[in-house]
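Encoded as structure tokens, here's the structure I'll be asking about.
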Amino acid sequence: MAWLYLLIAGLLEVGWATGLKYTDGFTRLVPSIWTVGSMAASLLFLGLALKTLPLGTAYAVWTGIGAVGVAILGIVLFAEPANALRLGSIGLIVGGIVGLKLVS
């Protein structure tokens, strides 16, 4: 169950990090509420996952999910470049996440 909590926490991190782009400096109400709510929920699920998972592993996976998700959404939603080096770097992060899961 802890890995499911961690996955949810990571997906919520993607939500709030992406939401920051839409808040316009927290001047837009609905995106700001979504972003702050996603932040709180992400930390709640991370805390639940940390009851049983090692801190270093859980934190690295949480931030990795967030980094990969936001990088992909940046490409899809904001026309950020999708060159080979960028995609390869995202692949390395995914490889690290998988590796941490396999050894935990």
Side-chain angles (χ1 to χ4, degrees):
M1 197 63 166
W3 285 102
L4 177 61
Y5 290 151
L6 189 58
L7 176 63
I8 293 168
L11 294 174
L12 287 164
E13 184 185 8
V14 173
W16 72 255
T18 305
L20 283 173
K21 183 80 168 171
Y22 293 102
T23 66
D24 197 25
F26 290 100
T27 60
R28 297 178 60 213
L29 182 61
V30 174
S32 297
I33 291 169
W34 165 258
T35 299
V36 172
S38 295
M39 285 177 179
S42 180
L43 289 175
L44 171 79
F45 279 100
L46 177 61
L48 292 172
L50 285 172
K51 286 183 174 184
T52 55
L53 296 177
L55 173 63
T57 299
Y59 185 75
V61 171
W62 179 65
T63 58
I65 293 169
V68 169
V70 171
I72 291 170
L73 286 179
I75 292 167
V76 172
L77 297 176
F78 306 115
E80 294 176 2
N83 56 45
L85 186 56
R86 183 183 190 106
L87 296 175
S89 298
I90 291 170
L92 288 171
I93 296 170
V94 171
I97 293 169
V98 171
L100 286 169
K101 169 66 171 106
L102 292 174
V103 300
S104 293

| Hey, are the side chains of W3 and V61 touching, using non-hydrogen atoms and a 4.5 Å cut-off? |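 They are in side-chain contact.
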| field | M1 CE to L53 CG distance, which is reported to the nearest 0.5 Å | value | 12.5 Å
| query | Are M39 and I33 joined in one hydrophobic group, where the rule is that I, L, V, M, F, W and Y side chains link up if heavy atoms are under 4.5 Å apart? | reply | no
| query | Side-chain heavy atoms under 4.5 angstrom apart, residues restricted to Ile, Leu, Val, Met, Phe, Trp, Tyr: same cluster for I93 and I72? | reply |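 Linked, I93 and I72 end up in one cluster.
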| Got a second to check how far F78's CZ is from T18's OG1, nearest 0.5 Å? |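 With rounding to 0.5 Å, CZ (F78) is 6.5 Å from OG1 (T18).
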| query | Would a 4.5 Å heavy-atom cut-off, applied to side chains only, mark L77 and Y22 as touching? | reply | yes
| query | Of the non-hydrogen atoms in E13 and G66, which two are nearest, and what is the gap between them? | reply | OE1-CA, 3.6 Å
| remark: Value for CG (L102) from CD1 (I97), rounded to nearest 0.5 Å, stands at 12.0 Å
| task | Hey, could you give me each pair passing salt bridge (charged side-chain N to carboxylate O under 4.0 Å, His left out) that has a residue in residues 65-82? Not counting sequence neighbours. | result |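 Pairs touching residues 65-82 that pass the test: E80-R86.
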| query | Same cluster or not: are V98 and L4 linked, directly or through other Ile, Leu, Val, Met, Phe, Trp or Tyr residues, by side-chain heavy atoms under 4.5 angstrom apart? | reply |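 No.
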| query | What distance separates D24 CG from L29 CG, expressed to the nearest 0.5 Å? | reply |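 Those atoms lie 13.0 Å apart.
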| query | Is there a chain of hydrophobic side chains (I, L, V, M, F, W, Y, each step under 4.5 Å between heavy atoms) that links L100 to L92? | reply | no
| query | Quick one: CG on L7 to NZ on K101, what's the gap to the nearest 0.5 Å? | reply |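 Here the rounded value is 11.0 Å.
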| query | So do W62 and L12 actually touch side chain to side chain, heavy atoms under 4.5 Å? | reply | no
| message | On a heavy-atom basis, which atom in L6 and which in A58 lie closest, and how many Å separate them? | response |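 Looks like CD1-O, 3.5 Å.
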| remark: Sorted by chain and residue number, the ring-ring contact (aromatic ring centres under 6.0 Å, His included) partners of F26 (sequence neighbours excluded) come out as none
| message | Same cluster or not: W34 versus V36, using hydrophobic residues (I, L, V, M, F, W, Y) connected whenever any side-chain heavy atoms lie under 4.5 Å apart? | response | no
| request: Identify the two heavy atoms, one from A9 and one from L46, that lie closest to each other, and give their separation to 0.1 Å. | output: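 Taking A9 first and L46 second, the nearest heavy atoms are CB-N, 3.6 Å.
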| note | In this structure, CD1 of I8 is separated from CG of L11 (nearest 0.5 Å) by 8.0 Å
| task | Report yes or no: does T63 contribute a side-chain atom to a donor-acceptor pair with the main-chain N or O of Y59 at less than 3.5 Å? | result | yes
| For S32 and T27, which heavy atoms make the closest approach, and how far apart are they? |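 S32 and T27 have their closest heavy atoms at OG-N, 4.2 Å.
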| task | Return the minimal non-hydrogen interatomic distance between L50 and L55, and the atom names on each side. | result |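 Closest pair (atom of L50, atom of L55, distance): CD2-CA, 3.7 Å.
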| Looking only at heavy atoms, what is the nearest atom pair of G69 and V14, with distance? | CA-CG2, 3.7 Å
| task | State, yes or no, whether a side-chain contact exists between T57 and V103 at a heavy-atom distance under 4.5 Å. | result | no
| Is there side-chain contact between T35 and R28, with heavy atoms separated by less than 4.5 Å? | no
